[in-house]
Amino acid sequence: MCPTRWATLAELLRKAYGAGSKVGVVADDKTLQALDKALWAFSALEFLPHCAASGKRGVVAASPILLATDSASFPHAQVLLHLGHEVPAGFERFERLIELVSTDETDRAHARRRWRHYGERGYTMIRHDVAAGN
């Protein structure tokens, strides 16, 4: 993941955490490991409490940000931040779905397919182009 995408991801997590939302982040193992490492690298004042959704029950219950390869692992249904290529299973149980899409053409092609999937099921989608500032 490029540095700009990491920064955007961190900002999304900060906003959700600041708003008191419980966030589940779905991605492949490699991305989740890198994200976990990046989240621990913030300064103490910027720390975002997080853990693997497969962690100890008490830690999971206390963590506002959970990381998993499968959205079914999340005990809450507030915000799902999806970083994968396929439509996340069970996305419809979440109040909000956020997808972070890069400018990479392969990533965009996967996103278009997911967008069609959501649209065909009647979901209202709002696009925010971070690069363009809107």
Side-chain angles (χ1 to χ4, degrees):
M1 195 177 301
C2 73
T4 304
R5 195 165 184 215
W6 279 119
T8 302
L9 177 56
E11 184 59 28
L12 287 170
L13 290 172
R14 275 189 198 102
K15 284 182 179 180
Y17 174 64
S21 296
K22 294 257 187 187
V23 182
V25 180
V26 173
D28 61 74
D29 279 324
K30 183 179 176 182
T31 301
L32 291 174
Q33 289 173 8
L35 176 59
D36 179 48
K37 186 177 178 180
L39 291 175
W40 280 106
F42 290 147
S43 73
L45 297 176
E46 295 181 312
F47 180 70
L48 296 172
H50 67 284
C51 73
S54 60
K56 293 181 180 180
R57 189 174 13 186
V59 175
V60 168
S63 296
I65 300 170
L66 300 176
L67 313 177
T69 57
D70 178 1
S71 62
S73 302
F74 302 127
H76 64 80
Q78 284 185 304
V79 179
L80 178 62
L81 201 157
H82 179 244
L83 302 174
H85 291 299
E86 302 304 319
V87 172
F91 76 91
E92 59 279 339
R93 76 179 183 96
F94 289 83
E95 295 170 21
R96 186 171 180 203
L97 170 65
I98 299 171
E99 296 209 358
L100 190 56
V101 181
S102 72
T103 56
D104 174 76
E105 194 48 48
T106 301
D107 194 28
R108 293 174 74 80
H110 286 290
R112 285 185 202 100
R113 193 173 66 245
R114 292 190 308 271
W115 189 278
R116 276 193 302 277
H117 177 86
Y118 305 137
E120 288 169 356
R121 282 150 184 80
Y123 290 95
T124 302
M125 297 160 294
I126 301 170
R127 180 178 175 265
H128 298 278
D129 187 343
V130 177
N134 56 351

Whichever hydrophobic residues join Leu66 through chains of side-chain contacts under 4.5 Å: Val26, Val60, Phe74, Leu80, Val87, Phe91, Phe94, Leu97, Trp115, Tyr118, Tyr123, Met125
Mind jotting down which residue pairs meet the salt bridge (charged side-chain N to carboxylate O under 4.0 Å, His left out) criterion with at least one end in residues 17-35? Sequence neighbours excluded, please. none
To the closest 0.5 Å, what do you measure between SG (Cys51) and CG (Leu39)? 11.5 Å
Evaluate whether atom CZ of Arg112 has more than 12 neighbouring non-hydrogen atoms of other residues, nucleotides or ligands under 6.0 angstrom away. yes
Starting at CG of Leu48, measure out to OG of Ser63 and round the result to the nearest 0.5 Å. 11.5 Å
I need the full list of side-chain hydrogen bond (donor to acceptor under 3.5 Å, both in side chains) pairs touching residues 49-60, with sequence neighbours left out, sorted by first then second residue. Asp36-His50, Trp40-His50
Can you tell me how far the CG atom of Leu100 sits from the CG atom of Leu9, to the nearest 0.5 Å? 6.0 Å
Does any pair with a residue in residues 7-37 pass ring pair (Phe, Tyr, Trp, His ring centres under 6.0 Å), and if so which ones, sequence neighbours excluded? none
Step by step, work out the side chain to side chain contact (heavy atoms under 4.5 Å, CB included) result for Val23 and Ile98. CA-CA 10 Å; Val23 182; Ile98 299 171; over 6 Å; no
To the nearest 0.5 angstrom, please state how far the CG atom of Leu35 sits from the CD atom of Gln33. 11.0 Å
Sorted by chain and residue number, the side-chain hydrogen bond (donor to acceptor under 3.5 Å, both in side chains) partners of Arg121 (sequence neighbours excluded) come out as His117
When rounded to the nearest 0.5 angstrom, what is the spacing between CG in Leu67 and OG1 in Thr31? 11.0 Å
Scan for side-chain hydrogen bond (donor to acceptor under 3.5 Å, both in side chains) pairs involving residues 69-87, sequence neighbours excluded, and state none if there are none. His82-Glu99, Glu86-Arg113
Heavy atoms only: give me the nearest Asp107-Ser102 pair and the separation to one decimal. OD2-N, 2.6 Å
